[in-house]
There are 2 protein chains.
Amino acid sequence: MNISGAAKAAGLPVKTVRYYADIGLVEPAARTAAGYRDYDDASLRKLSFVGRARGFGFSIAQCRELLGLYQDADRSSAEVKEIASARLAEIRAKQCELQVLHDELAHLVDACCGDARPDCPIIDYLS
Amino acid sequence: MNISGAAKAAGLPVKTVRYYADIGLVEPAARTAAGYRDYDDASLRKLSFVGRARGFGFSIAQCRELLGLYQDADRSSAEVKEIASARLAEIRAKQCELQVLHDELAHLVDACCGDARPDCPIIDYLS
DNA sequence: GCTTGACCTTCCCGCTACAGGAAGGATTAC
DNA sequence: GTAATCCTTCCTGTAGCGGGAAGGTCAAGC
(Lines give C-alpha, C1' and ligand atoms only; values in the text may rest on other atoms or scores of the structure.)
Protein backbone atom coordinates (compact mmCIF):
# COMPACT_ATOMS: atom_id res chain seq x y z
CA MET A 1 0.00 0.00 0.00
CA ASN A 2 1.37 3.40 -0.93
CA ILE A 3 1.62 6.37 1.39
CA SER A 4 -1.72 7.96 0.60
CA GLY A 5 -3.53 4.69 1.20
CA ALA A 6 -1.69 4.17 4.45
CA ALA A 7 -2.43 7.72 5.54
CA LYS A 8 -6.10 7.29 4.78
CA ALA A 9 -6.24 3.97 6.59
CA ALA A 10 -4.59 5.44 9.67
CA GLY A 11 -6.55 8.68 9.52
CA LEU A 12 -3.40 10.77 9.28
CA PRO A 13 -2.16 13.37 6.79
CA VAL A 14 0.34 12.12 4.24
CA LYS A 15 2.84 14.68 5.49
CA THR A 16 2.60 13.21 8.96
CA VAL A 17 3.15 9.66 7.77
CA ARG A 18 6.20 10.78 5.82
CA TYR A 19 7.45 12.64 8.88
CA TYR A 20 7.08 9.54 11.06
CA ALA A 21 9.09 7.61 8.49
CA ASP A 22 11.77 10.31 8.38
CA ILE A 23 12.32 10.29 12.14
CA GLY A 24 12.26 6.50 12.25
CA LEU A 25 9.08 6.27 14.30
CA VAL A 26 7.06 4.21 11.83
CA GLU A 27 9.00 3.14 8.80
CA PRO A 28 7.39 1.59 5.73
CA ALA A 29 7.84 -2.14 5.30
CA ALA A 30 9.67 -1.60 2.02
CA ARG A 31 10.27 0.66 -0.95
CA THR A 32 9.01 -0.08 -4.45
CA ALA A 33 11.41 -0.13 -7.38
CA ALA A 34 10.52 3.49 -8.02
CA GLY A 35 11.35 4.45 -4.44
CA TYR A 36 7.76 4.69 -3.23
CA ARG A 37 7.14 3.89 0.43
CA ASP A 38 5.29 0.60 0.78
CA TYR A 39 3.21 -0.11 3.90
CA ASP A 40 2.13 -3.58 4.96
CA ASP A 41 -0.32 -4.64 7.68
CA ALA A 42 2.19 -4.40 10.50
CA SER A 43 3.36 -0.90 9.60
CA LEU A 44 -0.26 0.13 9.14
CA ARG A 45 -1.09 -1.05 12.62
CA LYS A 46 1.86 0.89 13.98
CA LEU A 47 0.68 4.01 12.19
CA SER A 48 -2.80 3.71 13.66
CA PHE A 49 -1.33 3.01 17.08
CA VAL A 50 0.77 6.14 16.95
CA GLY A 51 -2.17 8.13 15.61
CA ARG A 52 -4.27 7.17 18.60
CA ALA A 53 -1.44 7.77 21.04
CA ARG A 54 -0.87 11.21 19.55
CA GLY A 55 -4.59 11.80 19.98
CA PHE A 56 -4.03 11.42 23.72
CA GLY A 57 -1.30 14.02 23.47
CA PHE A 58 1.60 11.63 24.00
CA SER A 59 4.78 13.22 22.66
CA ILE A 60 6.69 11.62 19.82
CA ALA A 61 9.23 10.37 22.35
CA GLN A 62 6.48 8.82 24.45
CA CYS A 63 4.94 7.29 21.33
CA ARG A 64 8.28 5.77 20.52
CA GLU A 65 8.40 4.13 23.93
CA LEU A 66 4.80 2.98 23.74
CA LEU A 67 5.39 1.56 20.29
CA GLY A 68 8.40 -0.32 21.63
CA LEU A 69 6.26 -1.82 24.38
CA TYR A 70 3.44 -2.54 21.92
CA GLN A 71 5.82 -4.71 19.93
CA ASP A 72 7.45 -6.28 22.95
CA ALA A 73 5.75 -9.52 23.94
CA ASP A 74 7.79 -9.54 27.15
CA ARG A 75 6.67 -6.11 28.27
CA SER A 76 5.29 -5.49 31.71
CA SER A 77 2.08 -3.51 31.99
CA ALA A 78 3.85 -1.51 34.70
CA GLU A 79 6.06 0.11 32.06
CA VAL A 80 3.05 1.09 30.00
CA LYS A 81 1.24 2.37 33.04
CA GLU A 82 4.20 4.52 34.01
CA ILE A 83 4.25 6.32 30.66
CA ALA A 84 0.49 6.78 30.69
CA SER A 85 0.61 8.04 34.25
CA ALA A 86 3.25 10.56 33.28
CA ARG A 87 1.01 11.84 30.51
CA LEU A 88 -1.92 11.92 32.90
CA ALA A 89 0.15 14.00 35.32
CA GLU A 90 0.97 16.42 32.49
CA ILE A 91 -2.71 16.73 31.69
CA ARG A 92 -3.63 17.35 35.31
CA ALA A 93 -0.91 19.97 35.68
CA LYS A 94 -2.17 21.74 32.57
CA GLN A 95 -5.72 21.55 33.88
CA CYS A 96 -4.75 23.20 37.15
CA GLU A 97 -2.84 25.90 35.34
CA LEU A 98 -5.77 26.58 33.03
CA GLN A 99 -8.22 26.58 35.90
CA VAL A 100 -6.33 29.38 37.64
CA LEU A 101 -6.06 31.37 34.43
CA HIS A 102 -9.71 30.77 33.64
CA ASP A 103 -10.96 31.94 37.01
CA GLU A 104 -8.85 35.08 37.07
CA LEU A 105 -9.60 36.02 33.51
CA ALA A 106 -13.30 35.20 33.78
CA HIS A 107 -13.47 37.44 36.83
CA LEU A 108 -11.83 40.31 34.94
CA VAL A 109 -13.96 39.85 31.82
CA ASP A 110 -17.04 39.78 33.99
CA ALA A 111 -16.02 43.00 35.72
CA CYS A 112 -15.46 44.79 32.41
CA CYS A 113 -18.63 46.45 31.23
CA GLY A 114 -17.50 46.38 27.61
CA ASP A 115 -18.90 49.70 26.46
CA ALA A 116 -17.45 52.71 24.65
CA ARG A 117 -15.66 54.13 27.67
CA PRO A 118 -11.94 53.50 28.16
CA ASP A 119 -12.14 52.41 31.80
CA CYS A 120 -11.34 48.74 31.99
CA PRO A 121 -10.43 46.47 34.89
CA ILE A 122 -8.61 44.13 32.50
CA ILE A 123 -6.22 46.86 31.40
CA ASP A 124 -5.93 48.00 35.01
CA TYR A 125 -4.98 44.53 36.12
CA LEU A 126 -2.32 44.17 33.44
CA SER A 127 -0.85 47.61 34.17
CA MET B 1 18.32 51.41 32.37
CA ASN B 2 20.08 48.65 30.47
CA ILE B 3 18.51 45.42 29.32
CA SER B 4 19.35 43.30 32.34
CA GLY B 5 17.92 45.92 34.69
CA ALA B 6 14.77 46.15 32.58
CA ALA B 7 14.44 42.38 32.44
CA LYS B 8 14.80 42.12 36.20
CA ALA B 9 12.28 44.90 36.77
CA ALA B 10 9.75 43.24 34.47
CA GLY B 11 10.48 39.75 35.75
CA LEU B 12 11.43 38.52 32.29
CA PRO B 13 14.52 36.79 30.88
CA VAL B 14 16.93 39.06 29.01
CA LYS B 15 16.47 36.94 25.90
CA THR B 16 12.75 37.58 26.01
CA VAL B 17 13.17 41.34 26.34
CA ARG B 18 15.57 41.34 23.40
CA TYR B 19 13.10 39.24 21.42
CA TYR B 20 10.26 41.67 22.13
CA ALA B 21 12.48 44.49 20.90
CA ASP B 22 13.41 42.54 17.76
CA ILE B 23 9.81 41.94 16.77
CA GLY B 24 8.83 45.51 17.56
CA LEU B 25 6.55 44.59 20.45
CA VAL B 26 8.32 46.61 23.13
CA GLU B 27 11.19 48.67 21.85
CA PRO B 28 13.67 50.39 24.12
CA ALA B 29 13.31 54.15 24.50
CA ALA B 30 16.76 54.71 23.03
CA ARG B 31 20.19 53.26 22.37
CA THR B 32 23.33 54.40 24.18
CA ALA B 33 26.37 55.59 22.22
CA ALA B 34 27.73 52.05 22.43
CA GLY B 35 24.52 50.61 20.99
CA TYR B 36 23.12 49.32 24.28
CA ARG B 37 19.33 49.22 24.59
CA ASP B 38 18.10 51.88 26.99
CA TYR B 39 14.75 51.47 28.76
CA ASP B 40 12.84 54.32 30.40
CA ASP B 41 9.78 54.24 32.64
CA ALA B 42 7.28 54.00 29.80
CA SER B 43 9.05 51.12 28.07
CA LEU B 44 9.44 49.38 31.42
CA ARG B 45 5.71 49.63 32.03
CA LYS B 46 5.06 48.16 28.59
CA LEU B 47 7.41 45.29 29.32
CA SER B 48 5.63 44.50 32.58
CA PHE B 49 2.28 44.80 30.87
CA VAL B 50 3.28 42.31 28.20
CA GLY B 51 4.79 40.03 30.81
CA ARG B 52 1.51 39.86 32.69
CA ALA B 53 -0.51 39.44 29.50
CA ARG B 54 1.76 36.56 28.44
CA GLY B 55 1.18 35.11 31.87
CA PHE B 56 -2.48 34.83 30.92
CA GLY B 57 -1.44 33.02 27.79
CA PHE B 58 -2.27 35.83 25.38
CA SER B 59 -0.36 35.32 22.13
CA ILE B 60 2.20 37.86 20.98
CA ALA B 61 -0.35 39.12 18.45
CA GLN B 62 -2.97 39.54 21.16
CA CYS B 63 -0.40 41.27 23.37
CA ARG B 64 0.31 43.66 20.53
CA GLU B 65 -3.37 44.56 20.33
CA LEU B 66 -3.72 44.86 24.08
CA LEU B 67 -0.64 47.05 24.23
CA GLY B 68 -2.12 49.27 21.55
CA LEU B 69 -5.30 49.65 23.56
CA TYR B 70 -3.29 50.18 26.74
CA GLN B 71 -1.65 53.19 25.14
CA ASP B 72 -4.82 54.46 23.50
CA ALA B 73 -6.64 56.95 25.69
CA ASP B 74 -9.60 56.78 23.31
CA ARG B 75 -10.01 53.03 23.57
CA SER B 76 -13.32 51.45 24.35
CA SER B 77 -13.42 48.78 27.03
CA ALA B 78 -15.45 46.72 24.56
CA GLU B 79 -12.34 46.21 22.42
CA VAL B 80 -10.36 45.00 25.39
CA LYS B 81 -13.17 42.76 26.52
CA GLU B 82 -13.38 41.18 23.10
CA ILE B 83 -9.73 40.16 23.07
CA ALA B 84 -9.95 38.88 26.63
CA SER B 85 -13.13 36.96 25.81
CA ALA B 86 -11.39 35.36 22.85
CA ARG B 87 -8.59 34.20 25.11
CA LEU B 88 -11.13 32.96 27.63
CA ALA B 89 -12.84 30.96 24.90
CA GLU B 90 -9.48 29.43 23.95
CA ILE B 91 -8.92 28.47 27.57
CA ARG B 92 -12.35 26.91 27.87
CA ALA B 93 -11.91 24.96 24.65
CA LYS B 94 -8.60 23.63 25.89
CA GLN B 95 -10.17 22.73 29.20
CA CYS B 96 -12.90 20.71 27.52
CA GLU B 97 -10.38 18.94 25.34
CA LEU B 98 -8.20 18.10 28.34
CA GLN B 99 -11.17 16.95 30.36
CA VAL B 100 -12.08 14.37 27.73
CA LEU B 101 -8.48 13.18 27.46
CA HIS B 102 -8.15 13.10 31.22
CA ASP B 103 -11.26 11.01 31.76
CA GLU B 104 -10.44 8.49 29.07
CA LEU B 105 -6.81 8.15 30.06
CA ALA B 106 -7.54 8.05 33.78
CA HIS B 107 -10.00 5.25 33.12
CA LEU B 108 -7.39 3.29 31.20
CA VAL B 109 -4.65 3.87 33.73
CA ASP B 110 -7.00 2.81 36.47
CA ALA B 111 -7.85 -0.38 34.61
CA CYS B 112 -4.19 -1.28 34.11
CA CYS B 113 -2.92 -3.33 37.00
CA GLY B 114 0.67 -2.29 36.37
CA ASP B 115 2.42 -5.52 37.20
CA ALA B 116 4.98 -7.69 35.44
CA ARG B 117 2.51 -9.26 33.03
CA PRO B 118 2.17 -7.92 29.47
CA ASP B 119 -1.63 -7.67 29.42
CA CYS B 120 -2.56 -4.03 29.37
CA PRO B 121 -5.84 -2.26 28.59
CA ILE B 122 -3.90 0.88 27.59
CA ILE B 123 -2.04 -0.96 24.86
CA ASP B 124 -5.26 -2.73 23.90
CA TYR B 125 -7.06 0.56 23.52
CA LEU B 126 -4.33 2.04 21.36
CA SER B 127 -4.15 -1.03 19.15
C1' DG C 1 47.51 52.28 32.59
C1' DC C 2 46.32 47.55 32.44
C1' DT C 3 43.84 43.62 33.34
C1' DT C 4 39.87 41.02 34.65
C1' DG C 5 35.29 39.95 34.71
C1' DA C 6 30.77 41.08 33.76
C1' DC C 7 28.18 43.27 30.82
C1' DC C 8 26.38 44.29 26.01
C1' DT C 9 25.79 43.51 20.80
C1' DT C 10 24.50 40.68 16.53
C1' DC C 11 23.94 36.31 14.39
C1' DC C 12 22.85 31.60 13.87
C1' DC C 13 21.06 27.10 15.35
C1' DG C 14 17.76 24.37 18.04
C1' DC C 15 13.33 23.02 19.96
C1' DT C 16 7.80 20.49 18.63
C1' DA C 17 5.34 18.27 15.15
C1' DC C 18 4.40 18.97 11.43
C1' DA C 19 2.36 22.17 6.78
C1' DG C 20 3.19 24.31 2.38
C1' DG C 21 5.31 24.31 -1.72
C1' DA C 22 8.89 23.73 -5.48
C1' DA C 23 11.25 20.71 -8.76
C1' DG C 24 11.29 16.55 -10.90
C1' DG C 25 10.24 11.46 -11.69
C1' DA C 26 6.38 7.53 -11.82
C1' DT C 27 1.99 5.83 -12.65
C1' DT C 28 -2.53 5.65 -14.40
C1' DA C 29 -6.63 6.81 -17.23
C1' DC C 30 -8.32 7.96 -21.47
C1' DG D 1 0.58 10.15 -26.44
C1' DT D 2 -0.72 13.07 -23.06
C1' DA D 3 -2.75 14.95 -19.07
C1' DA D 4 -3.76 14.34 -14.38
C1' DT D 5 -2.51 12.52 -10.36
C1' DC D 6 0.43 10.42 -7.77
C1' DC D 7 5.22 9.92 -5.62
C1' DT D 8 10.04 11.54 -4.19
C1' DT D 9 13.45 14.84 -1.84
C1' DC D 10 14.53 19.29 -0.13
C1' DC D 11 13.78 23.85 1.73
C1' DT D 12 11.18 27.13 4.37
C1' DG D 13 7.99 28.48 7.99
C1' DT D 14 5.37 28.13 12.28
C1' DA D 15 5.61 30.37 18.31
C1' DG D 16 8.34 32.04 21.49
C1' DC D 17 11.94 32.03 22.83
C1' DG D 18 16.93 29.42 24.81
C1' DG D 19 21.82 28.40 24.11
C1' DG D 20 25.96 29.74 22.60
C1' DA D 21 29.69 31.89 19.61
C1' DA D 22 32.34 35.99 18.29
C1' DG D 23 33.37 40.37 19.40
C1' DG D 24 32.78 45.26 21.50
C1' DT D 25 32.16 47.94 26.21
C1' DC D 26 32.33 49.24 30.88
C1' DA D 27 33.51 49.48 35.90
C1' DA D 28 36.55 47.95 39.48
C1' DG D 29 40.83 46.88 41.37
C1' DC D 30 45.89 47.01 41.34
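Values in this document were obtained by computation on a predicted structure and should not be read as measured data. The figures that follow rest on heavy atoms only: side chains count, while hydrogens, waters and symmetry mates do not.
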What string of B, S and - do you get for nucleotides 5-16 of chain D 5' to 3' if you count protein non-hydrogen atoms under 4.0 Å? -BSBB------B

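- Within the 4.5 Å cutoff, the side chain of F58(A) has no heavy atoms near those of the V50(A) side chain.
- Side-chain contact check for S77(A) and D115(B): at least one donor-acceptor pair (N or O, by modelled atom type) lies under 3.5 Å.
- Between the side chain of R37(A) and the backbone N or O of R31(A) there is no donor-acceptor pair closer than 3.5 Å.
- The existence of a salt bridge linking D119(A) and K81(B) is excluded, since no basic side-chain nitrogen approaches an acidic carboxylate oxygen closer than 4.0 Å.
- Classification of the Y70(B)-F49(B) ring pair by plane angle, with boundaries at 30° and 60°, yields parallel.
- Note that the first and last nucleotides of DNA chain C, 5' to 3', having any atom under 4.0 angstrom from a heavy atom of chain A are dA17(C) to dT27(C).
- Side-chain polar atoms of Y20(A) and E27(A) form no donor-acceptor pair below 3.5 angstrom.
- Within the structure, the ring-ring contact (aromatic ring centres under 6.0 Å, His included) test picks out no pair touching residues 79-109 of chain A (sequence neighbours left out).
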